[in-house]
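Here the structure is laid out as C-alpha cells; the discussion comes afterwards.
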Amino acid sequence: MTGPLVPFREFVLKVHSRCDLACDHCYVYEHADQSWRTRPKTISDEAVSWTARRLAEHAATHALPSVAVILHGGEPLLAGPARLRRVCEELGSALDGVAELDLRIHTNGVQLSPRYLDLFAEFGVKVGISLDGDRAANDRHRRFADGRTSHPLVLRAVELLRQERYRHLDLGLLCTVDIRNDPVAVYEALAGLAPPMVDFLLPHATWDTPPQRPDGSATAYADWLLTVFDRWTEQGRPVPVRLFSSVLSSLGGGPSLTESLGLAPTDLVVIETDGRLEQADSLKSAYEGAAATGFDVFTHTFDEVAAHPGVRARQLGLAGVSETCRRCPVVRSCGGGLYTHRYRSANGFDNPSVYCADLAALVRGIEDRTAAATESAAVRVPAELVEAQLDLTRTLLAHLHHELDGRGGALWDAAWQLAEEVERTAGGAAALDEVLSHPYTRTWLLDALGAVRAGGRAALPVERLGATVAAAAVRAGLDLPVPVGHRDGVLFLPGLGAVRVAGPGERGTAVVRATGTGFLVRRDGPGPGGELHIELGAADGPRWQPVRALRSGGAVPAFVLDDLDPYRDCFDVPPAGRLGPAEAGAWAARIGAAWALLEETVAGQCAEAAGTLTTLTPLPRAPAGPGRHGYGGAGLAVTGDARELALGLLSGFRRAKMRALTEVTDLYASDGSWEHRTPWYDEPVPFSRLLADTFERVGLGLFEPRFLDGVPEALDMIETAAEPTIDGKQLIAALRKEAGDPQGTSGRNGGKALPVTRVMCRTP
C-alpha cells in the first residue's frame, strides 16, 4: 500500500481491563476475541510513561496541534483516582509545549462520584457515559453479573455531570441500538437528560455473526433510527445526535463526523493495559487477534503502527471499500460502514457492511426528509444568487486584506480606509456594491490571492482596490480624492473606462476626484500630465476610452460592452481588442437580433438572463468553457450571425449561473473520485464536468432541441451517482422539470429505462 502515513490523532488508552457490569452485548468480553483474559487488570507505571513518551514523539514528528486521549477499559474508573491522576500527570507533562492534550473518559457511570469529577475538573477530562435509554431499554443488556439493574446508578452519574461545577466536562451519552426497544421511548429518555450530545451505535456484528432481526426486516435498524430521526426533527432537534449530524453533513458535501460512517481514513490506535498497540477495539468482534499489530509501546513507535497493513487498509478511503460499495450512490455518506461490520471469514473485510441495507435506507431516508423540508440553495431565485455572489466577493476581499497582513503598501491601506468612508456616505455603499459586482472584480481577487500565497511583493496586483473605490466615489458623486496606482501609463476604473496618464511602460500614482458631471484625474510626481477632466458619457479621445453600453434598441437589456478591463483575460481564448464604433455598432445590432430570437423561444431564461447578465466582452471566437469571472459576465464571439450569438448568450448565461451556484452552495462532494462516461464524449470526465455540461445542454436544448440528445441519460447518471448533495439532488429535479422530464426516464418508453452509461471508479 502506497501513500504517506496518516498520523494518529486519537489514542484509546486502556487503564483497566475488567468491568463491574456484565453487558451481554460487550465486544470486549462477549465477542470473538478473548485476549482480555491475559491482560493485567490495571495499566502499569512503565506502560503509562512509555505511552506519554511515544505520544509526545508522534505529535512532534507530525507537528500535530492537538491529540485526543480516551481513557477506556473495561471500566476505566476501576483503575481508581490515584492511578488516573498518574495517567493525567504523565500525559500532560510529556505533551506540555508539544501539542494540546484533549483528555476524555468513556465510562458506564456506575462508579462516578464527586471524587472522580473533581480530579477530572483539575485535568480537563471530558466524560462520556453509556446509557441505552429508559430503564427497560437499559436493563436489557447493562446489568450487573447477578442481574441487578445499573440504571439508577447511571442516572445518578448523569445528574452529577449536570451540576454547574461539572457541566463543562460533559461529553454526552452513548446508546447502543436494540431494535426490540421502543425507539421513541429510548430517544425521549436520553433527550430528557439534556446531554450535549447523543450518539447511537449499531451493535457490533459481522457476516459470520449477523445482528438480530426479530421480524426478518433487512432495514429494521434503519427503520428504528428513522423513527428517532422523525421525533428528533418534530421536537426541533433539541440535542445534537452525532449519527444524524454525520449523515446530514455528508449529504451536504461535508465530512463524516464519526468513524462508523464516511470515507475519512482512520486515525485511531489502542494502547492496552499491557502496553500492546492494537487497532480499533471493535475488531475484537471479528475474530481472535483481529485487532493485534504485534507492536508494543515499549519498543515501537506509533509511526510503525501507522505503517501496519491492517491500519493502512483502513486509511484508503474509497479505494479501501469493496467493489460493491465503490459503485453505490450512498458510499460517500456511509463509507461502507464500520470496518468491523464488513468481516466475513471467507474473504475478510472485502465486503459491504452487514448493515448495508440499513445504512442505505438510513441515508436515503434522511436525505428524502431533509430535501422535502428545506428549500435548496441550488434553486435560488436570481436576485438571491446575485446577493450571495456579492457576499462572496466581499468575503474574498476581506480575506485578501487579511492575507496581505500589511504587505499591500500605502496605496492599499489608503484605499481600504477610503472604502470604509465611501460606505458611510449616502449612496456610497450602493455604488461600491455595484463596482464590486463587476464580473472582473472576481478575476482580480482570485489572481491577487494567488499572488499573495505564491509570495513576492513585486507581483502583488493591489492597484485595483484604489481603482474600485475611485469608481464607486465617481458613481456616487462623492467629492473624495482617491489615490490610484497605474501600470503601463493607464489607469483603469472598473465599469467606467481607461485614462492614459503617462507613457507606455511607466508606473505611478494618480488622484481621482469626482465632479458634478465626471471626474478629475491628477497625476502625482514629475513629468507632463497635470490635471485632466473627464466627462462621463464622452466618446473616445486621445487620453480617455470609456466602457460603452451596447445599444441595439428594442427590449434588449442595457448590457455593458467591456473591451477594456485588464482582468477580462479570463476565458480560454484571449479577448479581442478595443472595438471601433462601427464594429461595436454592428455587433450590438446582431446581439439585438439574437436577443429577439431568445425571447421568442426561451422567454423564461431570457427574463432571468436580463436580470443577471450585465457585462459582455468580445472574443475572437466562442469560448469552449466558463471563464473565471464573477456572476453577470459572458464572453461572446465578435463574429457569427444572430442564431450563433443567441446560443453564445444562452451558453454564457448557463455557464455563469452554474459557476455561481457551485461557489455559494455544495452541489457535490468528492469530485474526481469517480469518472463518468458521458453521452457526448469518448473520454471519462469527473462529476463536475458531467453536471456542468448537462446544465448547459438543458438550457441550450430548449432553444435548439438537438442539444437535448443524451440529456435524459446524463440526468439518470447524475441522479444515481455518489457525488450529489441534497442541494445537488434538488438541482437535478429542477433540471428534469426544465427539460420536460419530471419523472425521469423510468417514465419514458412505456416504463423501459433508457440505457445508462456505466460509472467508473478511480482507485488511487
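If you're wondering where the values come from, they're calculated on a predicted model, not measured in any experiment.
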Ion pair present between [X] and [Y], side-chain N to carboxylate O less than 4.0 angstrom?
X	Y	answer
Arg156	Glu159	no
Arg18	Glu75	no
Lys126	Asp102	no
Glu188	Arg231	yes
Arg39	Glu278	yes
Arg53	Glu90	no
Arg369	Asp230	yes
Asp132	Arg142	yes

Side chains of [X] and [Y]: donor-acceptor distance under 3.5 Å anywhere?
X	Y	result
Asn138	His151	no
Thr665	Asp727	yes
His676	Glu723	yes
Asp139	Thr149	yes
Tyr221	Gln212	no
Ser285	Ser282	no
Asp303	His62	yes
Asp671	Ser688	yes
Ser256	Ser246	yes

List the steps and the verdict of side-chain contact (heavy atoms from CB on, under 4.5 Å) for Met197 and Leu173. CA-CA 6 Å; Met197 175 76 74; Leu173 303 174; over 6 Å; no

So, does [X] use its side chain to make a donor-acceptor pair with the main chain of [Y] at under 3.5 Å?
X	Y	answer
Arg54	Val297	yes
Thr227	Asp223	yes
Ser322	Asp350	no
Asp358	Ala222	yes
Ser250	Val247	yes
Ser670	Ser673	no
Ser66	Leu101	no

Given the side-chain rings of Tyr166 and Phe120, with only the six-membered ring counted for Trp, is the space between their centroids under 6.0 Å?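 No, they do not, as the ring centres are separated by 6.0 Å or more.
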
Aromatic ring centroids of Trp232 and Phe229 under 6.0 Å?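 Distance test on ring centres: under 6.0 Å, yes.
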
Reported CG-to-CG distance for the pair Leu202 and Asp178, which is rounded to 0.5 angstrom: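 If we round to the nearest 0.5 Å, Leu202:CG and Asp178:CG are 11.5 Å apart.
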
Geometric class of the [Y]/[X] ring pair [parallel <30°, tilted 30-60°, perpendicular >60°]:
X	Y	answer
Phe244	Phe200	tilted
His300	Phe295	tilted
Phe349	Tyr287	tilted

Please evaluate residues Val127 and Asp170 with respect to the criterion side-chain contact (heavy atoms from CB on, under 4.5 Å), reporting the C-alpha separation (whole Å), side-chain torsions for both, the decisive distance (0.1 Å), and the verdict. CA-CA 5 Å; Val127 183; Asp170 195 353; 5.9 Å; no

Evaluate the criterion side-chain contact (heavy atoms from CB on, under 4.5 Å) for residue pair Val87 and Leu71; output intermediate values, then yes/no. CA-CA 9 Å; Val87 170; Leu71 308 180; 3.9 Å; yes

Just do the side-chain contact (heavy atoms from CB on, under 4.5 Å) check on Leu268 and Val12 with the steps written out, would you? CA-CA 7 Å; Leu268 177 148; Val12 176; 3.9 Å; yes

Of all heavy-atom pairs between Cys325 and Pro352, which one has the smallest distance, and what is that distance?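 Heavy-atom minimum between the residues: SG-CA, 3.6 Å.
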
